[in-house]
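The structure appears below as C-alpha coordinates.
Below, each value reflects all heavy atoms present in this structure, side chains not excepted, and no hydrogens, waters or symmetry copies.
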Amino acid sequence: MPSKPIYFVSDAHLGIGIEGGEGRGAALESFLRKWGGGASRIFIVGDLFDFWIEYRYAVRPDYFRPLHALRSLVEAGVEVHYCQGNHDFALGPFVSETVGVTVHDREFRGKLQGRNVRVRHGDGIRPGDRGSRFLHRLLRNPALQRLYRLLPPAAGVPLGEFISARSRRFELTRATEEVLGAYRVRAREYLREGDDLVILGHTHCPELSSFPEGTYGNTGCWVKRYTLIRLLDGRPELLEFFPGEDRLETYRENADE
(Lines give C-alpha, C1' and ligand atoms only; values in the text may rest on other atoms or scores of the structure.)
Protein backbone atom coordinates (compact mmCIF):
# COMPACT_ATOMS: atom_id res chain seq x y z
CA MET A 1 0.00 0.00 0.00
CA PRO A 2 1.51 3.40 -0.99
CA SER A 3 2.50 5.65 1.86
CA LYS A 4 0.86 9.00 2.43
CA PRO A 5 3.04 11.93 1.35
CA ILE A 6 5.04 14.14 3.69
CA TYR A 7 5.37 17.81 2.75
CA PHE A 8 8.12 20.25 3.69
CA VAL A 9 7.56 24.00 3.28
CA SER A 10 9.34 27.08 4.60
CA ASP A 11 10.04 30.78 4.39
CA ALA A 12 6.67 32.37 3.75
CA HIS A 13 7.57 35.30 6.03
CA LEU A 14 3.92 36.01 6.72
CA GLY A 15 3.20 39.27 8.47
CA ILE A 16 5.23 41.65 6.29
CA GLY A 17 4.51 43.30 2.96
CA ILE A 18 6.55 41.95 0.04
CA GLU A 19 6.00 43.42 -3.40
CA GLY A 20 4.71 40.69 -5.67
CA GLY A 21 4.14 38.35 -2.73
CA GLU A 22 0.80 39.68 -1.56
CA GLY A 23 -1.02 36.40 -2.23
CA ARG A 24 1.31 34.04 -0.41
CA GLY A 25 -0.84 33.71 2.71
CA ALA A 26 -3.92 32.77 0.70
CA ALA A 27 -1.80 30.42 -1.41
CA LEU A 28 -0.53 28.64 1.69
CA GLU A 29 -4.06 28.20 3.01
CA SER A 30 -5.15 26.88 -0.40
CA PHE A 31 -2.31 24.37 -0.44
CA LEU A 32 -3.04 23.15 3.08
CA ARG A 33 -6.73 22.80 2.28
CA LYS A 34 -6.20 20.95 -1.02
CA TRP A 35 -3.18 18.76 -0.27
CA GLY A 36 -2.54 18.83 3.46
CA GLY A 37 -5.40 16.55 4.47
CA GLY A 38 -3.96 13.68 2.42
CA ALA A 39 -0.56 13.89 4.09
CA SER A 40 0.73 11.89 7.02
CA ARG A 41 2.96 14.75 8.17
CA ILE A 42 3.68 18.35 7.27
CA PHE A 43 6.95 19.99 8.24
CA ILE A 44 7.27 23.76 8.49
CA VAL A 45 11.02 24.25 7.96
CA GLY A 46 11.17 27.65 9.66
CA ASP A 47 10.23 31.27 8.97
CA LEU A 48 6.59 30.66 8.20
CA PHE A 49 6.13 33.95 10.06
CA ASP A 50 8.48 36.88 9.64
CA PHE A 51 8.33 37.60 13.34
CA TRP A 52 6.93 35.62 16.25
CA ILE A 53 7.06 36.28 19.94
CA GLU A 54 4.40 34.58 21.99
CA TYR A 55 2.45 36.65 24.46
CA ARG A 56 0.32 34.89 27.04
CA TYR A 57 -2.96 36.59 26.16
CA ALA A 58 -2.44 37.96 22.65
CA VAL A 59 -2.02 36.48 19.16
CA ARG A 60 -1.52 38.63 16.08
CA PRO A 61 -4.81 38.69 14.16
CA ASP A 62 -3.08 38.39 10.76
CA TYR A 63 -1.65 35.04 11.92
CA PHE A 64 -5.06 33.59 12.78
CA ARG A 65 -5.90 32.08 9.38
CA PRO A 66 -2.67 30.09 8.85
CA LEU A 67 -2.74 28.92 12.46
CA HIS A 68 -6.37 27.84 12.03
CA ALA A 69 -5.43 25.95 8.85
CA LEU A 70 -2.70 24.09 10.71
CA ARG A 71 -5.06 23.34 13.61
CA SER A 72 -7.62 21.92 11.18
CA LEU A 73 -5.00 19.52 9.83
CA VAL A 74 -4.04 18.43 13.34
CA GLU A 75 -7.70 17.75 14.10
CA ALA A 76 -7.87 15.66 10.90
CA GLY A 77 -5.02 13.48 12.16
CA VAL A 78 -2.10 15.03 10.27
CA GLU A 79 1.13 15.44 12.26
CA VAL A 80 2.42 18.99 11.91
CA HIS A 81 6.04 19.65 12.84
CA TYR A 82 7.67 23.07 13.07
CA CYS A 83 11.46 23.54 13.03
CA GLN A 84 12.04 27.07 14.27
CA GLY A 85 13.84 29.52 12.01
CA ASN A 86 15.67 32.76 12.61
CA HIS A 87 12.46 34.81 12.37
CA ASP A 88 10.04 32.61 14.33
CA PHE A 89 12.44 32.01 17.18
CA ALA A 90 10.07 32.02 20.18
CA LEU A 91 7.28 29.58 19.47
CA GLY A 92 5.65 28.71 22.76
CA PRO A 93 2.80 26.77 24.36
CA PHE A 94 0.09 28.36 22.22
CA VAL A 95 1.52 26.79 19.07
CA SER A 96 2.31 23.46 20.70
CA GLU A 97 -0.64 23.04 23.06
CA THR A 98 -3.48 25.02 21.46
CA VAL A 99 -2.67 24.60 17.77
CA GLY A 100 -1.25 21.11 18.36
CA VAL A 101 1.99 21.52 16.42
CA THR A 102 5.15 19.66 17.46
CA VAL A 103 7.83 22.34 17.81
CA HIS A 104 11.54 21.55 17.34
CA ASP A 105 13.87 24.21 18.68
CA ARG A 106 16.68 23.39 16.28
CA GLU A 107 16.05 20.31 14.16
CA PHE A 108 14.16 17.07 13.61
CA ARG A 109 16.02 13.81 13.13
CA GLY A 110 14.19 10.57 12.63
CA LYS A 111 13.04 7.80 10.35
CA LEU A 112 10.53 8.83 7.68
CA GLN A 113 9.35 6.34 5.07
CA GLY A 114 12.40 4.21 5.69
CA ARG A 115 14.90 7.06 5.38
CA ASN A 116 17.05 8.70 8.04
CA VAL A 117 15.96 12.31 7.71
CA ARG A 118 17.35 15.51 9.23
CA VAL A 119 15.25 18.69 8.95
CA ARG A 120 16.34 22.13 10.12
CA HIS A 121 15.91 25.71 8.97
CA GLY A 122 19.59 26.27 8.26
CA ASP A 123 20.39 29.72 9.63
CA GLY A 124 23.92 30.02 11.00
CA ILE A 125 25.23 26.74 9.57
CA ARG A 126 27.87 28.31 7.32
CA PRO A 127 31.35 28.41 8.91
CA GLY A 128 31.70 32.18 8.50
CA ASP A 129 28.15 33.04 9.55
CA ARG A 130 29.10 34.16 13.06
CA GLY A 131 26.61 37.01 13.06
CA SER A 132 23.64 34.66 12.57
CA ARG A 133 24.87 32.34 15.31
CA PHE A 134 25.28 35.25 17.73
CA LEU A 135 21.81 36.58 16.89
CA HIS A 136 20.41 33.05 17.26
CA ARG A 137 21.81 32.74 20.79
CA LEU A 138 20.69 36.23 21.73
CA LEU A 139 17.11 36.00 20.50
CA ARG A 140 16.54 32.52 21.91
CA ASN A 141 17.83 33.32 25.35
CA PRO A 142 14.91 32.45 27.70
CA ALA A 143 15.68 35.28 30.14
CA LEU A 144 15.71 37.88 27.36
CA GLN A 145 12.47 36.50 25.96
CA ARG A 146 10.80 36.82 29.37
CA LEU A 147 11.94 40.42 29.60
CA TYR A 148 10.69 41.10 26.09
CA ARG A 149 7.22 39.81 26.95
CA LEU A 150 6.95 42.48 29.63
CA LEU A 151 6.57 44.98 26.80
CA PRO A 152 2.95 45.54 25.72
CA PRO A 153 2.22 44.09 22.25
CA ALA A 154 1.74 47.60 20.85
CA ALA A 155 5.43 48.23 21.57
CA GLY A 156 6.81 44.71 21.39
CA VAL A 157 5.53 43.83 17.92
CA PRO A 158 7.02 46.89 16.15
CA LEU A 159 10.30 46.33 17.97
CA GLY A 160 10.31 42.69 16.94
CA GLU A 161 9.60 43.60 13.33
CA PHE A 162 12.55 45.99 13.42
CA ILE A 163 14.83 43.24 14.76
CA SER A 164 13.46 40.79 12.21
CA ALA A 165 14.17 43.17 9.35
CA ARG A 166 17.82 43.35 10.40
CA SER A 167 18.22 39.59 9.92
CA ARG A 168 16.33 39.31 6.64
CA ARG A 169 19.04 38.52 4.10
CA PHE A 170 17.63 36.42 1.26
CA GLU A 171 14.11 37.76 1.02
CA LEU A 172 14.05 39.29 -2.44
CA THR A 173 17.46 38.43 -3.88
CA ARG A 174 18.99 35.12 -4.81
CA ALA A 175 21.66 33.78 -2.51
CA THR A 176 25.12 33.76 -4.05
CA GLU A 177 26.61 30.59 -5.47
CA GLU A 178 29.17 30.76 -2.66
CA VAL A 179 26.38 30.59 -0.07
CA LEU A 180 24.55 27.81 -1.90
CA GLY A 181 27.79 25.87 -2.20
CA ALA A 182 28.39 26.23 1.54
CA TYR A 183 24.96 24.74 2.22
CA ARG A 184 25.74 21.76 0.00
CA VAL A 185 29.01 21.21 1.86
CA ARG A 186 27.23 21.37 5.22
CA ALA A 187 24.48 19.05 4.01
CA ARG A 188 27.08 16.47 2.95
CA GLU A 189 28.65 16.70 6.41
CA TYR A 190 25.24 15.91 7.91
CA LEU A 191 24.84 13.01 5.49
CA ARG A 192 28.17 11.58 6.57
CA GLU A 193 26.90 11.65 10.17
CA GLY A 194 24.35 8.96 9.29
CA ASP A 195 21.44 10.74 7.63
CA ASP A 196 20.55 9.89 4.05
CA LEU A 197 18.17 12.81 3.43
CA VAL A 198 18.84 16.36 4.66
CA ILE A 199 16.22 19.07 4.19
CA LEU A 200 17.00 22.73 4.83
CA GLY A 201 15.41 26.11 4.13
CA HIS A 202 16.63 29.68 4.71
CA THR A 203 18.37 30.31 1.36
CA HIS A 204 15.05 30.85 -0.48
CA CYS A 205 16.57 28.84 -3.37
CA PRO A 206 14.86 25.50 -4.07
CA GLU A 207 17.20 22.61 -4.72
CA LEU A 208 17.35 18.83 -4.80
CA SER A 209 20.84 17.36 -5.16
CA SER A 210 22.10 13.78 -4.97
CA PHE A 211 25.51 12.89 -3.57
CA PRO A 212 27.22 9.56 -2.88
CA GLU A 213 26.32 10.02 0.80
CA GLY A 214 22.63 10.73 0.18
CA THR A 215 20.27 13.52 -0.87
CA TYR A 216 20.10 17.21 0.02
CA GLY A 217 16.91 19.18 -0.50
CA ASN A 218 16.16 22.84 0.06
CA THR A 219 12.51 23.86 0.24
CA GLY A 220 13.10 27.28 -1.34
CA CYS A 221 10.46 29.73 -0.20
CA TRP A 222 6.79 30.65 -0.29
CA VAL A 223 7.03 34.27 -1.43
CA LYS A 224 6.39 34.74 -5.16
CA ARG A 225 6.73 31.17 -6.33
CA TYR A 226 5.52 28.46 -3.98
CA THR A 227 8.07 25.67 -3.76
CA LEU A 228 8.17 22.66 -1.47
CA ILE A 229 9.52 19.15 -1.10
CA ARG A 230 7.33 16.08 -1.06
CA LEU A 231 8.51 12.75 0.28
CA LEU A 232 6.50 9.91 -1.22
CA ASP A 233 7.40 6.23 -0.83
CA GLY A 234 10.85 7.35 0.34
CA ARG A 235 11.54 9.44 -2.77
CA PRO A 236 11.94 13.24 -2.38
CA GLU A 237 10.52 15.50 -5.08
CA LEU A 238 10.95 19.25 -5.56
CA LEU A 239 7.56 20.71 -6.46
CA GLU A 240 5.82 24.01 -7.09
CA PHE A 241 2.24 24.83 -6.09
CA PHE A 242 -0.03 26.79 -8.43
CA PRO A 243 -2.82 28.25 -6.30
CA GLY A 244 -5.11 29.31 -9.13
CA GLU A 245 -5.56 25.67 -10.07
CA ASP A 246 -4.61 24.04 -6.75
CA ARG A 247 -2.10 21.85 -8.58
CA LEU A 248 1.40 20.61 -7.86
CA GLU A 249 4.03 20.27 -10.58
CA THR A 250 7.72 19.46 -10.73
CA TYR A 251 9.65 22.66 -10.08
CA ARG A 252 11.26 24.25 -13.14
CA GLU A 253 13.87 26.86 -12.25
CA ASN A 254 13.56 28.94 -15.41
CA ALA A 255 9.78 28.94 -15.68
CA ASP A 256 8.19 32.36 -16.14
CA GLU A 257 7.17 33.91 -12.85
- Please test Leu208 against Tyr251 for side chain to side chain contact (heavy atoms under 4.5 Å, CB included), starting from the C-alpha separation and ending with a verdict. CA-CA 10 Å; Leu208 193 62; Tyr251 172 74; over 6 Å; no
- Query: Are Lys111 and Asn116 close enough, and set up right, to give a side chain to side chain contact (heavy atoms under 4.5 Å, CB included), and what steps lead you there?
  - Reply: CA-CA 5 Å; Lys111 185 81 74 173; Asn116 296 318; 3.0 Å; yes
- Query: What's the spacing between Glu237 CD and Phe8 CZ if we round to 0.5 Å?
  - Reply: 12.0 Å
- Query: Would you say Gln113's side chain and Ser3's backbone share a donor-acceptor pair under 3.5 angstrom?
  - Reply: no
- Message: Taking side chain to side chain contact (heavy atoms under 4.5 Å, CB included) as the definition, give me every residue that meets it alongside Ser72, ordered by chain and number, with sequence neighbours left out.
- Response: His68
- Message: Rounded at 0.5 Å granularity, tell me how far CD in Gln84 sits from CG in Asp123.
- Response: 10.0 Å
- side chain to side chain contact (heavy atoms under 4.5 Å, CB included) partners for Arg192, two or more places apart: Arg188, Glu189, Glu213
- Message: Out of the candidates Leu228, Val9, Ile199, Thr227, only one should pair with Thr219 under the side chain to side chain contact (heavy atoms under 4.5 Å, CB included) rule; please name it.
- Response: Ile199
- Message: For a 4.5 angstrom cut-off between non-hydrogen side-chain atoms, does Tyr7 reach Leu248?
- Response: yes
- Once the angle between the rings of Phe31 and Trp222 is folded into 0 to 90°, is it parallel (under 30°), tilted (30 to 60°) or perpendicular (over 60°)? tilted
- Does one side chain, of Ser209 or Glu207, offer a donor that lies under 3.5 Å from an acceptor on the other? yes
- Task: Tell me, yes or no, whether the heavy-atom count around Glu178 atom CD, taken from other residues, nucleotides or ligands under 6.0 Å, exceeds 12.
- Result: no
- Query: From Leu14 CG over to Tyr63 OH, what is the distance, rounded to the nearest 0.5 angstrom?
  - Reply: 7.0 Å
- Message: Looking at every heavy atom in both Tyr183 and Gly201, which two are closest together, and how far apart are they?
- Response: CE2-O, 4.1 Å
- Pairs touching residues 33-45 that satisfy side-chain hydrogen bond (donor to acceptor under 3.5 Å, both in side chains), sequence neighbours left out: Arg41-Glu79
- Item | Test log, rule side chain to side chain contact (heavy atoms under 4.5 Å, CB included), inputs Leu112 and Phe43 | CA-CA 12 Å; Leu112 298 175; Phe43 281 81; 3.9 Å; yes
- Item | Between CZ on residue Arg120 and CZ on residue Arg109, distance to nearest 0.5 Å | 10.0 Å
- Return the orientation label for the His121 and His202 ring planes: parallel under 30°, perpendicular over 60°, tilted otherwise. perpendicular
- Of the options Arg115, Arg235, Arg118, which is the one that meets Asp196 in a salt bridge (Lys or Arg N to Asp or Glu O under 4.0 Å)? Arg115
- 4.5 Å side-chain heavy-atom contact, Leu48 and Leu70: yes
- Going by atom types alone, do Ser10 and Asp47 pair a side-chain donor with an acceptor below 3.5 Å? no
- If Ile, Leu, Val, Met, Phe, Trp and Tyr residues are connected whenever their side-chain heavy atoms lie under 4.5 Å apart, and connections chain through other members, are Val198 and Phe211 in the same group? yes
- Start with the C-alpha gap between Val45 and Val119, add the side-chain angles, then the distance that decides, and say whether side chain to side chain contact (heavy atoms under 4.5 Å, CB included) holds. CA-CA 7 Å; Val45 192; Val119 185; 3.9 Å; yes
- Message: Would you say that more than 12 heavy atoms from the other residues, nucleotides or ligands in this model lie under 6.0 Å from the CZ of Arg247, or not?
- Response: yes
- Looking at His13 and Ile16, what are the two nearest heavy atoms and their distance? O-CG1, 3.3 Å
- Per salt bridge (Lys or Arg N to Asp or Glu O under 4.0 Å), Glu240 is matched among Arg252, Arg225, Arg230 by Arg225
- Query: Just how far is it from atom CZ of Phe64 to atom CZ of Arg71, taken to the nearest 0.5 Å?
  - Reply: 12.0 Å
- So how far is it from Leu238 CG to Glu253 CD, rounded to the nearest 0.5 Å? 10.0 Å
- Task: Considering non-hydrogen atoms only, spot the tightest contact between Asp11 and Cys221 and give its length.
- Result: O-CB, 3.5 Å
